[in-house]
Student: 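Dumping the structure here so I can ask a few things about it.
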Amino acid sequence: MTRVPVRDDLSTLEGYHSPQVTVDVRLNTNEAPVGPPMAFREALAVEMSRIDWNRYPDRAATTLRTAIGALHGVGPDQIFVANGSNEVLQTVLLTFAGPGRTVATFEPTYQLHGHIARITGATVVEGERAADFSIDMSEVRRVVSQSRPHVTFLCSPNNPTGGVDAPSVVRDVLALAPGLLVVDEAYGQFAGWSAVGLIDEKTPLVVSRTFSKTWSMAASRLGYLVGPRWLVAELDKVVLPYHLDTVKQIAGTLAVRFLDEMNERVRAIVAERERVMSALRVLELDVFDSGANFVLFRPRNMGGRAVWQGLLDHSVLIRDCSSWPRLDDCLRVTIGTPAEDDRFLSAITEVLS
Ligand SMILES: *Cc1c(COP(=O)(O)O)cnc(C)c1O
């Protein structure tokens with residue numbers, strides 16, 4: 001058997017790594033610690049039994065888009081839905097980036113922004129964040145004037161650092177960026193404000209969201225963006241026909257009926273986050289502010305990798321960012337249930353002592 005060469009520009013590409021290890025306490029992928037309500041499961045089972053399996057799904061996913069639009073006070077023509085917000089971002093990049101075009105990110109940020117952009121054939125320009133991982137406007141000015149990016153990414157709250165961009169930051173970047181601004185709000189519900197309010201037909205801004213985190217639906221792979229109508233219409237031309245299966249359309253439509261329950265889960269996780277951060281601040285760690293459902297921290301007197309391994313020996317899995325560029329020795333822990341967080345806190349206290 002002979003191997004055929006992959007595209008030249010992909011030959012040095014590395015895959016996306018996030019180890020799935022079997023442990024007692026899994027706090028490494030920012031999932032919700034509990035599932036959606038039982039009433040959701042029951043309603044979904046009933047709807048599933050009625051599916052016309054011989055028929056293609058509703059290609060426009062109108063019912064789902066209408067339900068999601070209602071969450072944001074917009075119509076279905078301002079909502080684009082896909083298989084996870086990663087596919088939403090991929091469709092945006094296929095439409096507005098690609099070969100000969102430039103995409104700007106501000107690092108460290110969500111690895112998949114640059115990764116997916118490169119797969120579309122675009123050139124990625126990496127700007128730097130400030131030492132506290134906030135957006136540095138002079139750096140934005142430099143990157144934007146030198147590279148004239150077709151697509152610029154912000155991520156608020158930023159994964160993996162946790163910080164929220166102020167409204168003035170998003171407005172200022174919008175004023176400077178020559179192309180499309182994408183604000184990834186995968187953790188938007190945990191933060192105090194959303195850039196969705198800045199969207200209108202004349203503004204080249206989209207905001208992406210996911211069902212994987214706050215909606216407790218990571219198993220379903222469902223994400224969406226809110227944007228101008230003209231832009232959503234362009235994305236609809238690029239995405240594969242019937243890309244969103246009927247099961248997922250039903251699951252998403254039912255999920256948003258349980259908005260109050262979702263908000264209650266968010267409230268509980270935010271309270272847990274504050275408790276975990278206070279407990280971590282007492283230890284020999286630098287803890288970064290977070291507006292998300294995870295916390296980034298750096299041990300002061302031990303290597304990050306050693307702390308991560310020590311936690312794993314206690315059957316607690318968190319995310320090891322210690323070898324990522326600009327994140328030397330940093331670790332990221334997802335907020336879990338109070339019992340899981342207690343297991344994590346007692347394990348890290350032992351590991352550090
Ligand atoms: C988890 C995450 C996503 C999620 O993606 P899905 O494909 O919807 O699961 C997107 N952006 C960021 C910053 C994330 O952390």
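Atoms within a ligand are numbered from 1 in the order they appear, just like the ligands themselves.
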Student: Could you see which bit of Arg221 sits under 4.0 Å from ligand 1, with heavy atoms only: side chain, backbone, both or neither?
Tutor: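 It is the side chain that touches ligand 1; the backbone stays farther off.
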
Student: Given Trp308, which partner from the list Val316, Asn28, Ile318, Asp313 fulfils the side-chain contact (heavy atoms from CB on, under 4.5 Å) test?
Tutor: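 One option only clears the test, and that one is Ile318.
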
Student: What part of Asp184, side chain from CB on, backbone N/CA/C/O, both or neither, has a heavy atom under 4.0 Å from ligand 1?
Tutor: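 For Asp184, the contact with ligand 1 is made by the side chain alone.
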
Student: Is Tyr187 touching ligand 1 with its side chain, its backbone, both, or neither, if touching means heavy atoms under 4.0 Å apart?
Tutor: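 Within the 4.0 Å criterion, Tyr187 contacts ligand 1 through side-chain atoms alone.
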
Student: Do we see a donor-acceptor contact under 3.5 Å between the side chains of His72 and Tyr224?
Tutor: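 Note: His72 and Tyr224 side chains meet the donor-acceptor criterion.
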
Student: So, is the end of the Arg129 side chain (NZ or CZ) under 6.0 Å from the ring centre of Phe106 and within 45° of the ring's axis?
Tutor: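 Negative - Arg129 is either too far from the ring of Phe106 or too far off its axis.
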
Student: Just checking, is any N or O donor in the side chain of Glu31 or Ser212 under 3.5 Å from an acceptor N or O on the other one?
Tutor: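 No, no side-chain donor-acceptor contact under 3.5 Å.
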
Student: Which heavy atom of the protein is the closest neighbour of atom 10 (C) of ligand 1, given with residue, atom name and distance?
Tutor: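 Looking at atom 10 (C) of ligand 1, the protein heavy atom closest to it is Ser85 OG, 3.2 Å.
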
Student: Which atom names give the shortest non-hydrogen contact between Leu327 and Pro160, and what distance separates them?
Tutor: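 Closest heavy-atom pair between Leu327 and Pro160: CD1-CG, 3.7 Å.
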
Student: Below 4.0 Å from ligand 1: does a non-hydrogen atom of Ala186 turn up there or not?
Tutor: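 Ala186 counts as a contact of ligand 1 under the 4.0 Å cut-off.
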
Student: Which of these, Leu112, Leu89, Thr210, has its nearest heavy atom closest to atom 8 (O) of ligand 1?
Tutor: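 Checking each option, the heavy atom nearest atom 8 (O) of ligand 1 is found in Thr210.
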
Student: Looking only at protein heavy atoms, identify the closest one to atom 14 (C) of ligand 1 and say how far it is in Å.
Tutor: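 Checked against all protein heavy atoms, atom 14 (C) of ligand 1 sits closest to Lys213 NZ, 3.2 Å.
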
Student: Any N/O of Asn159 closer than 3.5 Å to an N/O of ligand 1?
Tutor: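 By distance alone, the answer is yes.
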
Student: So, Asp245 side chain and Lys248 main chain: donor-acceptor pair closer than 3.5 Å or not?
Tutor: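 Checking the backbone N and O of Lys248 against the side chain of Asp245, a donor-acceptor pair under 3.5 Å is found.
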
Student: Can you sort out which atoms of ligand 1 are near Ser212, meaning under 4.0 Å from one of its heavy atoms?
Tutor: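 Matching atoms, with element in brackets: 6 (P), 8 (O), 9 (O).
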
Student: Do we see a donor-acceptor contact under 3.5 Å between the side chains of Glu107 and Thr105?
Tutor: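 Present: a donor and an acceptor within the cut-off.
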
Student: How about Tyr110 and Phe153: are their ring centroids closer than 6.0 Å?
Tutor: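 Ring centroids of Tyr110 and Phe153 are no less than 6.0 Å from each other.
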
Student: Report the part of Cys155 (side chain from C-beta onward, or backbone N, CA, C, O) that has a heavy atom under 4.0 Å from ligand 1; answer both or neither where that applies.
Tutor: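 The side chain, only.
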
Student: Go through ligand 1 atom by atom and flag the ones less than 4.0 Å from a non-hydrogen atom of Gly84.
Tutor: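 Atoms satisfying the 4.0 Å criterion: 6 (P), 7 (O), 8 (O).
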
